[in-house]
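One structure is given here, and the rest of the page talks about it.
Within every chain, numbering begins at 1; the chains are lettered A, B, ... in the order of the sequence lines, protein sequences first and strands thereafter.
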Number of protein chains: 2
Amino acid sequence: MKGIEPKKTFLALPLEKQKRIIETAASEFAERGFKGASLNSIVEKVGIAKGSLYQYFHDKQHLFLYVFDYGIRLAKGALKEIESKEISIFEQIRYSIFAGFRFVKKHPLIYQIYLKILFEDKVPFRKKLIGTLRFYSHKYLLPLLKRAKERGEIRPDVDLEMAAFMLDAMMEKMLQAYTLSYIDSIGLYKADDKTINRLVDAWIDILKKGLANGGID
Amino acid sequence: MKGIEPKKTFLALPLEKQKRIIETAASEFAERGFKGASLNSIVEKVGIAKGSLYQYFHDKQHLFLYVFDYGIRLAKGALKEIESKEISIFEQIRYSIFAGFRFVKKHPLIYQIYLKILFEDKVPFRKKLIGTLRFYSHKYLLPLLKRAKERGEIRPDVDLEMAAFMLDAMMEKMLQAYTLSYIDSIGLYKADDKTINRLVDAWIDILKKGLANGGID
DNA sequence: TTATAAAATGACCAGTTGGTCACATGAAAG
DNA sequence: CTTTCATGTGACCAACTGGTCATTTTATAA
């Protein structure tokens, strides 16, 4: 899905106008999803004719893919190279969730588009699109966990596939709770850094030690 | 949101016809969400005139709420009274996730509707609707955890609010992975009971003991 | 059988959608 | 100044949407 190009006409536009079009479209897709987004609404808000939009993009899908790809490029490297750092797995996890919060704070629209299309009907290339934005995927987490196990930071009998799945589920839900009030139940919605820190601390503590009382079991 | 009633005309219909209408509508909402669902498509599949649908329900929203409510009634008591059982918190959690799997197996359409409207734009009464289907909510989990802590099954310094949030996130994701292939990464998608058992065992193990090596930290 | 009420029907409506295209505008080239 | 050509435009299109309603069909009652 890399490198979606608009028509040349669009690239000839003043950068300011390009930006206005992209951001207006992103806002529309974030609010209404792919199918629900209205091109009429977009051109009206931007202040251009409908025909002009079709000088820039072949169709709705082309515009959508370009907007998403544009967002991805902005976010590039959000999680870059945490792996290489010489810190414990739990510090790596902490860095990862902070990176996620930083991303949804800085690019709320692209994250909202991601949420909209997660379960939406017949979104073009959904699997590929959400794949590019799921930083907490197996592909990312599993190597971290494996190396941690080799270093002895993780119990040798832990099922790492399951551990990655669990981390993914919890981190994703935290970002959702930060973004949508009706998902939140622990005060994460638009929380300040101090609150986030406190919650992440509590989270990591349970991650490390588990819930059970009395050491091993 | 309890007790959504259709018009009397609908209730006078043969039960078989009622069922056909509800199930066809449920299938349409499950596939396309609230806004995306087409009444034309529904009446065509059922084989009735458009006007007839409006003899049964006031409008699209009324039909939607009735279909959802109907699904809820079927599912009623899926998690009933686990709390009262004299088993450990981890057995209670195990029962809870099994109850969830049983539900999405038995009523896949209503669960798919739930997923569709989770992030959809402007769904009527979304918060209330998803509230009725989120069995793993704070309201349900927190009392369980509190009693478990009092019984000494959970470490006394565990943040129970966070623990409930974590359990919610992971259990929800398991049901999603069971339902949608593109969410799954550990072989949960439409998994058989044996596989589910194995995965739940691995999950509970990590829940209890945590990830960290070496007991307390 | 007839009269009355209830329910089923589908043509129709206004509104919206994504997309098109003949034309107007403007800038550059000769 | 004129010609050429890329860009901008918005009326227009067919396809669809949720919703209406005069009319017909069916069931009930007298």
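Inter-residue side-chain proximity for B:Gln55 and B:Lys7 is flagged as unmet; no heavy-atom pair is nearer than 4.5 Å.
Closest heavy-atom contact between B:Ile110 and B:Gly71: CD1-CA, 3.9 Å. Closest heavy-atom contact between B:Ile4 and B:Arg73: O-NH2, 4.2 Å.
Residue pairs satisfying the side-chain hydrogen bond (donor to acceptor under 3.5 Å, both in side chains) criterion with at least one member in residues 176-189 of chain B, sequence neighbours excluded, are listed as follows: A:His138-B:Ser185. Among residues at least two apart or in separate chains, ring-ring contact (aromatic ring centres under 6.0 Å, His included) pairs with a member in residues 3-37 of chain A are A:Phe10-A:Tyr56, A:Phe10-A:Phe57, A:Phe10-A:Tyr66, A:Phe29-A:Phe64, A:Phe34-A:Phe64.
Looking at residues two or more places apart in sequence or on another chain, you find no ring pair (Phe, Tyr, Trp, His ring centres under 6.0 Å) involving A:Phe68. For B:Tyr54, there are no ring pair (Phe, Tyr, Trp, His ring centres under 6.0 Å) partners two or more places apart in sequence or in a different chain.
Protein chain A touches strand DNA chain C; the 5'-most and 3'-most nucleotides with an atom under 4.0 angstrom of its non-hydrogen atoms are C:dT17 to C:dC21.
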Task: Base-contact (B) and sugar-phosphate-only (S) positions in nucleotides 8-19 of chain D, heavy-atom cut-off under 4.0 Å, - elsewhere - done: BBB------BBB
